[in-house]
Amino acid sequence: MGNSILIIEDEVSIAELERDYLEINGFKVMIENSGLKGLNNALSNKYDLIILDLMLPEIDGFEICKKIRAGCDVPILMVSARKEDIDKIRGLGLGADDYITKPFNPNELVARVKAHISRYERLTNQEQKRQQGFSIRDLSFNTESRRVFVNNKEITLTLKEYELLLLLASNPERVFSKEQLFERIWGFDNYGDIATVTVHIGKIREKLEKESAHNQYIETVWGAGYRFKL
Ligand code: CA
């Protein structure tokens with residue numbers, strides 16, 4: 001099923017031109033020619049992107065953008081006939097994702113719509129992943145509850161051990177120096193020194209290997225630091 005777009009635009013010919021190009025590209029399109037109806041529609045339905053004209057009777061695009069933003073983070077592409085208005089929109093920081101001036105090339109409009117939808121989907125996916133956790137090799141992290149499982153068996157880590165393992169496992173194959181790890185996990189304003197890192201890595205290895213004796217997860221890269229092995 002194609003992504004759905006809401007067009008709020010009082011000039012019927014422009015709205016239809018936008019719709020035609022978007023439909024050719026596989027989008028499902030809904031048009032509202034009045035600002036109030038458009039706003040109500042935007043607030044009561046779920047769209048993947050909203051194309052919002054600035055100059056509308058009853059209620060203008062500035063107000064609509066503000067009201068939509070108060071409730072959700074759907075991408076909003078604002079359209080205006082005047083370059084000055086675009087500058088004004090930017091200045092107001094209403095939270096529109098992009099701006100385009102009339103007359104525009106419909107293909108450019110479609111390209112921007114696609115770019116914003118895929119960017120938004122990427123962000124949403126990342127956010128979901130971050131909330132739910134992730135798995136790597138036979139480890140799985142529940143980042144919401146800060147729990148780690150090896151082969152589905154939970155291991156108990158201290159907060160710092162957890163953060164250290166999470167950092168390494170979230171960046172597999174990347175080498176972190178002890179200094180980098182210390183800085184990232186303990187920060188500057190802390191007692192202790194980079195030897196702390198070595199001690200913690202040792203503890204994590206011990207705990208992991210108790211559950212999975214033949215597997216090495218954290219590899220020492222001599223003279224460089226540590227990395228999580230894929
Ligand atoms: Ca208009």
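Counting convention: from 1, in listed order, for ligands and their atoms alike. In this text, all values refer to a predicted model and were calculated from it rather than measured experimentally. Heads up: numbering here begins at 1 and tracks the sequence.
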Problem - Heteroatom N/O/S of Glu9 within less than 3.0 Å of the Ca ion (ligand 1) - result: no
Problem - Under-4.0 Å salt bridge between Glu161 and Lys203 - result: no
Exercise for the section: Answer yes when Glu11 and Lys102 have at least one side-chain N-carboxylate O distance shorter than 4.0 Å, and no when they do not. Expected result: yes
Exercise for the section: From the options Arg147, Lys207, Arg146, select the one residue that forms a salt bridge (charged side-chain N to carboxylate O under 4.0 Å, His left out) with Glu154. Expected result: Arg147
Exercise for the section: For the pair Glu63 and Lys67, find out whether any cationic side-chain nitrogen is under 4.0 Å from an anionic carboxylate oxygen. Expected result: yes
Practice task
Of all N, O or S atoms in Asp53, identify the one at the shortest distance from the Ca ion (ligand 1).
Solution key: OD2
Exercise for the section: Could you pull out the atom name of the N/O/S atom in Asp10 that is nearest the Ca ion (ligand 1)? Expected result: OD1
